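The structure presented is a predicted model; accordingly, all values stated were derived computationally and were not measured.
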Amino acid sequence: QRKYLLYLGRSERNKRIDLIIDAFSNLDDPDYDLYVTVRLEDLDRRQQTIVRDNTKIILLGYISEAEKEKVIANCEALVLASEYEAFGSVLLEASAFRKPILCSALEVCKEILNPEGVIFFQNNVTSLVHALKQFIVTSREKKMKMGNSNFSNLEKYSFDKIAKKYYALFKEMDLIE
């Protein structure tokens with residue numbers, strides 16, 4: 001199977017799928033494909049033309065939970081070029097599979113991710129192309145370290161840790177004894 005980068009998410013405008021497709025289409029790397037979990041009809045006409053003309057951009061459409069786990073497990077990295085995120089649960093899902101992440105430099109993303117596992121970029125084609133090229137030339141060993149950093153970072157989101165923080169907060173507020 002060929003190596004691929006993955007966009008996993010909805011086809012909403014703020015998710016900047018257009019940016020990911022534009023940036024990827026500016027890459028000239030024969031070794032990588034881009035898998036995108038949207039349908040052709042979810043894209044605007046310009047993006048549809050780019051996708052039709054580029055056999056390395058594969059639209060998966062809607063996928064099941066089992067398919068989602070499979071595409072995350074087999075991807076080289078997750079790419080998220082969002083304008084805003086409430087939390088970014090897809091970042092934690094990719095982290096659970098020890099995947100490197102290429103992500104918009106949003107405050108919420110910087111807050112929940114370990115910078116050692118991420119290549120942050122600004123939401124423009126030039127910055128994302130640079131991030132993609134940086135990732136592609138990164139050694140296999142470094143990519144593994146990135147994925148492991150992301151996995152280790154999940155520890156701070158364990159149920160026990162969150163429950164203890166809520167307990168301490170409620171106790172501080174005198175809501176419990």
Side-chain angles (χ1 to χ4, degrees), residues 1-106 108-110 113 117-140 142-144 146-147 150:
Q1 177 169 333
R2 293 176 45 82
K3 295 186 275 188
Y4 64 91
L5 303 169
L6 174 66
Y7 165 78
L8 179 66
R10 297 180 310 276
S11 61
E12 296 174 5
R13 185 173 216 82
N14 72 297
K15 297 297 185 178
R16 296 304 312 269
I17 300 163
D18 61 320
L19 177 61
I20 297 171
I21 290 171
D22 286 346
F24 188 82
S25 67
N26 280 302
L27 276 183
D28 191 24
D29 188 286
D31 297 328
Y32 279 85
D33 290 337
L34 173 65
Y35 284 24
V36 184
T37 57
V38 302
R39 303 168 303 169
L40 188 64
E41 57 266 28
D42 296 327
L43 303 174
D44 66 31
R45 282 200 170 125
R46 192 174 77 73
Q47 298 300 312
Q48 288 179 9
T49 300
I50 292 170
V51 169
R52 282 189 189 109
D53 292 344
N54 190 332
T55 59
K56 295 171 40 143
I57 301 175
I58 292 97
L59 300 182
L60 302 175
Y62 302 125
I63 59 174
S64 69
E65 195 66 28
E67 291 168 321
K68 178 174 82 169
E69 290 180 11
K70 184 179 176 183
V71 294
I72 295 173
N74 292 314
C75 76
E76 292 292 310
L78 179 83
V79 182
L80 182 70
S82 188
E83 291 290 338
Y84 58 87
E85 287 291 326
F87 184 74
S89 59
V90 68
L91 300 170
L92 300 183
E93 289 177 301
S95 296
F97 284 90
R98 298 179 187 265
K99 295 300 173 180
I101 296 169
L102 288 77
C103 182
S104 299
L106 301 174
V108 67
C109 297
K110 290 178 180 180
L113 294 171
V118 184
I119 299 174
F120 288 109
F121 56 84
Q122 299 305 309
N123 274 359
N124 63 63
V125 171
T126 302
S127 183
L128 180 49
V129 167
H130 177 76
L132 292 167
K133 287 180 178 178
Q134 181 182 347
F135 177 77
I136 287 169
V137 300
T138 298
S139 71
R140 177 60 90 211
K142 171 72 172 150
K143 289 174 184 174
M144 288 178 68
M146 291 173 72
N150 289 334

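- Shown here for Ala23 and Val129, the closest heavy-atom pair between the two residues is O-CG2, 3.5 Å.
- Under 4.0 Å is where a charged nitrogen must lie from a carboxylate oxygen, and between Asp42 and Arg10 no such pair does.
- Note on residues 121-136: pairs passing side chain to side chain donor-acceptor pair (under 3.5 Å), not counting sequence neighbours, are Ser104-Asn123.
- Closest heavy-atom contact between Phe135 and Leu5: CE2-CD2, 3.8 Å.
- With sequence neighbours left out, the side chain to side chain donor-acceptor pair (under 3.5 Å) criterion links Asp33 to Arg2.
- Residues passing the side chain to side chain donor-acceptor pair (under 3.5 Å) test with Arg52: none are found, sequence neighbours excluded.
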Can you list, pair by pair, the side-chain donor-acceptor contacts under 3.5 Å of residues 71-82, counting residues two or more places apart and other chains?
| residue | atom | partner | partner atom | Å |
| --- | --- | --- | --- | --- |
| Asn74 | ND2 | Lys70 | O | 3.0 |
| Glu76 | OE1 | Arg140 | NH1 | 3.3 |
| Glu76 | OE1 | Arg140 | NH2 | 3.1 |
| Glu76 | OE2 | Arg140 | NH2 | 3.3 |
| Ser82 | OG | Asn14 | O | 3.4 |
| Ser82 | OG | Tyr84 | N | 3.4 |
| Ser82 | OG | Tyr84 | O | 2.7 |
| Ser82 | OG | Glu85 | OE2 | 2.8 |

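- Considering CG of Asn150 and CD1 of Ile101, their distance stands at 4.0 Å, rounded to 0.5 Å.
- In this structure, Asp22 CG and Phe24 CZ are separated by 12.5 Å, a value rounded to the nearest 0.5 Å.
- We find the CG-CG distance between Leu113 and Leu106 to be 10.0 Å, quoted to the nearest 0.5 Å.
- Among residue pairs with one or both ends in residues 87-96, those qualifying as side chain to side chain donor-acceptor pair (under 3.5 Å) are Lys68-Glu93; sequence neighbours excluded.
- Pairs engaging residues 118-129 under the salt bridge (charged side-chain N to carboxylate O under 4.0 Å, His left out) rule: none recorded [sequence neighbours left out].
- Partners of Ser64 according to the side-chain contact (heavy atoms from CB on, under 4.5 Å) rule, which considers only residues two or more places apart in sequence or in another chain, are Ala66, Glu67.
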Apply side-chain contact (heavy atoms from CB on, under 4.5 Å) to Leu8 and Ile63, showing your working.
-> CA-CA 10 Å; Leu8 179 66; Ile63 59 174; 3.9 Å; yes
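- Both tests do not hold together for Lys15 against Tyr7: distance to the six-membered ring centre under 6.0 Å, angle to the ring axis within 45°.
- Residue Arg39 holds its CZ atom at 3.5 Å from OH of Tyr62, rounded to the nearest 0.5 Å.
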Check step by step if side-chain contact (heavy atoms from CB on, under 4.5 Å) holds for Leu91 and Cys109.
-> CA-CA 8 Å; Leu91 300 170; Cys109 297; 3.7 Å; yes
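- For the side-chain contact (heavy atoms from CB on, under 4.5 Å) test, residues two or more places apart in sequence or in another chain that qualify with Ile136 are Leu27, Asp29, Tyr32.
- Taking CG from Leu40 and CG from Leu59, the interatomic distance works out to 6.0 Å, rounded to the nearest 0.5 Å.
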Ile50 and Gln47: side-chain contact (heavy atoms from CB on, under 4.5 Å), yes or no, with the steps?
-> CA-CA 5 Å; Ile50 292 170; Gln47 298 300 312; 4.2 Å; yes
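- Under the rule for a ring pair (Phe, Tyr, Trp, His ring centres under 6.0 Å), the partners of Tyr35 that lie at least two apart in sequence or sit in another chain are Tyr4.
- For Arg16, the side chain to side chain donor-acceptor pair (under 3.5 Å) partners two or more places apart in sequence, or in a different chain, are Asp18, Glu83.
- Summarising the geometry, atom CD1 belonging to Ile21 is positioned 11.5 Å from atom CG belonging to Leu128; distances are rounded to the nearest 0.5 Å.
- Among residues two or more places apart in sequence or in another chain, the side chain to side chain donor-acceptor pair (under 3.5 Å) test is passed with Ser139 by none.
- The main-chain N or O of Gly9 is found under 3.5 Å from a side-chain atom of Thr37 such that the two form a donor-acceptor pair.
- Listed by chain and residue number, Asp53 satisfy the side-chain contact (heavy atoms from CB on, under 4.5 Å) test with Thr49 (two or more places apart in sequence, or in another chain).
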